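Below: one structure, written as structure tokens.
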Amino acid sequence: MKLLILNGPNLNMLGVREPEIYGSDSYAELCRRVTEHAERRGADIEIFQSNHEGELVDQIQAAYGKADGIVINPAAYTHTSVAILDALKAVGIPTVEVHLSDVTKREDFRQVSYVRLYAEKTVMGKGIEGYLEAMDYLVEKYG
Ligand code: DQA
């Protein structure tokens with residue numbers, strides 16, 4: 001099975017960025033753990049990070065007919081992007097939303113998630129482990 005792992009803005013700054021919220025592991029470490037887990041579960045993955053909304057939309061569109069599942073941490077675009085929601089609806093690929101932090105315990109402006117209106121499942125507050133749980137869900141349901 002093919003999975004697309006998508007990460008939004010500022011996730012490339014993991015380790016440096018507010019470690020008390022997002023942890024001290026780097027983005028490279030996140031990629032390493034996700035790649036290792038994919039190998040364990042027999043999934044083919046593509047990992048992509050962008051600070052630009054349109055590039056995330058492009059990647060979702062490009063996954064049409066190719067990926068069997070999407071794991072997405074849209075980061076700040078979670079709370080603003082109708083374009084990412086529409087792209088996910090357009091391609092119809094089963095999707096799990098992931099957040100490193102538990103956004104329900106944070107600011108009011110983080111309580112809205114557009115992606116959640118499409119995602120089958122949301123995993124939050126579990127750090128990098130949350131990505132692995134999201135992958136397990138997709139592999140077990142669609143693999
Ligand atoms: C985040 C939570 C978002 O509110 C924030 O804008 C991020 C990261 C998380 O992984 O906890 O950039 O998606």
Side-chain angles (χ1 to χ4, degrees), residues 1-41 43-64 67-143:
M1 118 174 274
K2 285 193 192 332
L3 295 178
L4 174 63
I5 317 292
L6 273 182
N7 285 301
N10 301 306
L11 290 170
N12 55 315
M13 296 294 284
L14 282 182
V16 173
R17 173 191 189 201
E18 301 178 272
E20 65 289 358
I21 297 175
Y22 299 113
S24 52
D25 287 330
S26 64
Y27 183 67
E29 175 64 8
L30 184 156
C31 294
R32 193 190 66 73
R33 287 192 55 195
V34 165
T35 304
E36 208 176 79
H37 195 65
E39 279 164 17
R40 250 194 315 267
R41 298 303 314 245
D44 282 344
I45 55 161
E46 202 175 310
I47 311 181
F48 183 81
Q49 187 276 331
S50 179
N51 294 324
H52 306 278
E53 185 176 17
E55 283 186 1
L56 295 164
V57 169
D58 288 344
Q59 288 294 317
I60 293 166
Q61 290 185 7
Y64 180 67
D68 306 301
I70 296 176
V71 173
I72 184 167
N73 182 347
Y77 290 138
T78 306
H79 319 298
T80 62
S81 183
V82 176
I84 291 174
L85 168 65
D86 284 349
L88 290 168
K89 284 172 143 179
V91 298
I93 300 170
T95 296
V96 179
E97 173 191 17
V98 173
H99 299 286
L100 294 157
S101 65
D102 182 351
V103 288
T104 64
K105 300 204 171 104
R106 299 183 63 192
E107 302 94 324
D108 286 351
F109 64 83
R110 293 185 206 276
Q111 303 313 312
V112 171
S113 168
Y114 287 98
V115 164
R116 203 161 310 154
L117 299 173
Y118 174 77
E120 280 187 25
K121 180 180 165 75
T122 299
V123 184
M124 62 173 85
K126 296 183 173 173
I128 293 175
E129 200 62 34
Y131 286 77
L132 314 188
E133 193 177 315
M135 291 163 73
D136 284 342
Y137 172 85
L138 290 168
V139 168
E140 279 155 31
K141 186 154 179 203
Y142 300 102

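Order of appearance sets the numbers: ligands from 1, and atoms from 1 within every ligand. On a predicted model such as this, the values are computed, not experimentally measured, just so you know.
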Logged contact type for R17 with ligand 1, heavy-atom cut-off 4.0 Å, is side chain
The answer for which part of R110 has a heavy atom under 4.0 Å from ligand 1 is side chain
The single option from T95, T122, L85 that satisfies side chain to side chain contact (heavy atoms under 4.5 Å, CB included) with R116 is T122
Logged contact type for N73 with ligand 1, heavy-atom cut-off 4.0 Å, is side chain
Kindly indicate, with the supporting measurements, whether the criterion side-chain contact (heavy atoms from CB on, under 4.5 Å) is fulfilled by I84 and I72. CA-CA 10 Å; I84 291 174; I72 184 167; 3.9 Å; yes
Between V71 and Y131, the two heavy atoms sitting closest are CG1-CD2, 4.1 Å
Heavy atoms of S101 and Y22 approach each other most closely as OG-CE2, 4.0 Å
closest protein heavy atom to atom 9 (C) of ligand 1 is L100 N, 3.4 Å
for atom 11 (O) of ligand 1, nearest protein heavy atom and its distance come out as S101 OG, 2.6 Å
Quick check: do H79 and Q111 have side-chain heavy atoms less than 4.5 Å from each other? no
- Query: Would you say V103 has any N or O atom under 3.5 Å from an N or O of ligand 1, going by distance alone?
  - Reply: no
Checklist entry - N/O of H99 under 3.5 Å from N/O of ligand 1, yes or no? => result yes
Is any N or O atom of H79, backbone or side chain, closer than 3.5 Å to an N or O atom of ligand 1? yes
Query raised in the report: Could you go step by step and tell me if N7 and F48 meet the side-chain contact (heavy atoms from CB on, under 4.5 Å) rule?
Result: CA-CA 6 Å; N7 285 301; F48 183 81; over 6 Å; no
Review point. Does E97 reach ligand 1, in the sense of a heavy atom lying below 4.0 Å from it?
Key: no
Pairs of nitrogen or oxygen atoms closer than 3.5 Å, one from V98 and one from ligand 1: do any exist? no
From the list E133, E39, E129, salt bridge (charged side-chain N to carboxylate O under 4.0 Å, His left out) with R33 holds only for E129
